[in-house]
Amino acid sequence: MSTLPGPFAIPNDSTTPYKVTFDRLVRALADLQFQADVLAENRAAGAVFDGIPFLLSMDSAERFLSIRAVWDTDFDAETAGHPLFAAADSWNREKYFPTVYWMLDPEGSLQVCADFAVDTSAGLSDQQLTDHLGAGISTGIDAIRYMQEAATQTLGWSAPESAPYTQSDTEVPFPSQTDEAGAPPARSGAAFGLG
């Protein structure tokens with residue numbers, strides 16, 4: 001094992017677990033050719049995947065990684081709270097992850113969240129970290145799309161013509177996800193090997 005600055009050894013292979021730090025999370029995203037902006041130093045980064053904004057954060061003790069997909073709606077709680085609660089409840093009954101719920105944003109509109117939490121207290125190997133990022137991102141995308149479809153069915157919602165997040169921030173496929181000819185897969189949750 002080689003030693004980098006810090007109180008822990010960095011293994012020479014991709015299968016040995018070691019401490020997950022925020023810096024390591026940001027490096028892992030960069031290694032996957034995903035662009036993320038640091039929003040809170042050593043705590044949180046933001047990125048957009050398949051048009052869905054994500055917040056990737058570590059708790060202060062770096063024991064948990066949260067991968068949160070967010071859909072900022074213009075719905076008020078009185079009108080949309082019940083139908084969106086029912087849709088989130090349906091998702092949560094059928095799926096183990098991510099956990100879907102809504103909360104009010106600072107302006108008072110409903111914000112739909114899909115949280116994928118990873119216990120990092122025992123460390124993760126490089127492969128495990130990559131797998132968890134892929135699972136959190138792909139299931140977050142699927143969950144938000146599910147909630148948007150539920151809003152279409154129950155509230156008559158339709159996606160705006162010029163949604164603020166219409167393009168992926170990357171056109172590069174997940175490293176191990178190409179077809180036999182080397183082409184990237186369709187951009188969806190399946191792009192991360194899940195779906």
Side-chain angles (χ1 to χ4, degrees), residues 1-50 52-70 91-92 94-101 113-145 168-195:
M1 287 189 187
S2 63
T3 305
L4 294 179
F8 51 91
I10 308 297
N12 291 325
D13 62 78
S14 65
T15 59
T16 303
Y18 66 102
K19 183 172 180 63
V20 179
T21 64
F22 182 74
D23 289 339
R24 182 173 172 214
L25 170 64
V26 171
R27 279 194 313 274
L29 290 167
D31 289 348
L32 293 169
Q33 299 182 7
F34 293 148
Q35 181 180 353
D37 297 319
V38 175
L39 304 175
E41 191 172 340
N42 294 320
R43 265 323 258 298
V48 177
F49 301 103
D50 284 355
I52 307 288
F54 277 79
L55 177 68
L56 299 101
S57 61
M58 302 284 299
D59 70 319
S60 60
E62 296 180 325
R63 294 171 302 170
F64 294 98
L65 164 63
S66 171
I67 303 168
R68 177 182 293 174
V70 179
W91 172 275
N92 293 332
E94 297 294 322
K95 309 286 185 182
Y96 290 111
F97 48 84
T99 301
V100 177
Y101 58 93
C113 301
D115 272 341
F116 184 92
V118 180
D119 181 348
T120 60
S121 60
L124 296 174
S125 70
D126 291 339
Q127 187 60 54
Q128 289 170 324
L129 181 55
T130 298
D131 290 347
H132 283 301
L133 287 170
I137 293 166
S138 65
T139 60
I141 291 167
D142 291 343
I144 295 299
R145 296 283 187 248
S168 288
D169 62 342
T170 180
E171 294 301 320
V172 178
F174 199 69
S176 62
Q177 302 298 314
T178 55
D179 65 18
E180 293 171 7
R187 300 296 295 168
S188 70
F192 294 100
L194 302 172

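All values below were derived from every heavy atom in this structure, side-chain atoms included, with hydrogens, water molecules and symmetry-related copies excluded.
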Indicate yes or no: at least one non-hydrogen side-chain atom of [X] is less than 4.5 angstrom from one of [Y].
X	Y	value
Q128	P17	yes
T120	H132	no
L56	L29	yes

>> Would D13 and T15 count as a side chain to side chain donor-acceptor pair (under 3.5 Å) here? Give the steps.
In response: CA-CA 6 Å; D13 62 78; T15 59; 2.9 Å; yes

> Hey, are R24 and D31 close enough for a salt bridge, meaning a charged N less than 4.0 Å from a carboxylate O?
Replying inline: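 Salt bridge absent between R24 and D31.
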
Quick check for you: to the nearest 0.5 Å, what is the distance between [X] atom [atom1] and [Y] atom [atom2]?
X	Y	atom1	atom2	value
D126	D131	CG	CG	11.0 Å
L25	R43	CG	CZ	13.0 Å
I67	S57	CD1	OG	9.5 Å

> Closest approach of N92 and P98, non-hydrogen atoms and distance?
Replying inline: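 Shortest heavy-atom contact: OD1-O, 3.8 Å.
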
> Shortest non-hydrogen contact from M58 to V20?
Replying inline: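 Closest pair (atom of M58, atom of V20, distance): CE-O, 3.4 Å.
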
>> If we ignore hydrogens and angles and just use 3.5 Å, is the side chain of D115 paired with the main-chain N or O of S66 as donor and acceptor?
In response: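 Such a contact is absent between D115 side chain and S66 backbone.
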
> Does the W91 side chain pair with the main chain of I144, one donor and one acceptor, at a distance under 3.5 Å?
Replying inline: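 Absent.
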
>> Determine whether F22 and E62 satisfy the following criterion, side chain to side chain contact (heavy atoms under 4.5 Å, CB included), listing intermediate values before the conclusion.
In response: CA-CA 8 Å; F22 182 74; E62 296 180 325; 4.2 Å; yes

>> Just to verify, which of F54, F64, Y96, F97 counts as forming a ring-ring contact (aromatic ring centres under 6.0 Å, His included) with F116?
In response: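 Testing F116 for a ring-ring contact (aromatic ring centres under 6.0 Å, His included) against F54, F64, Y96, F97 leaves exactly one candidate, F97.
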
> Are I52 and R145 close enough, and set up right, to give a side chain to side chain contact (heavy atoms under 4.5 Å, CB included), and what steps lead you there?
Replying inline: CA-CA 9 Å; I52 307 288; R145 296 283 187 248; 3.1 Å; yes

>> Do D119 and S121 pair up side chain to side chain, a donor and an acceptor below 3.5 Å, judged on atom types alone?
In response: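 The criterion, which ignores hydrogens and geometry beyond distance, is satisfied for S121 and D119.
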
> Can V118 and L133 be said to form a side chain to side chain contact (heavy atoms under 4.5 Å, CB included), step by step?
Replying inline: CA-CA 9 Å; V118 180; L133 287 170; over 6 Å; no

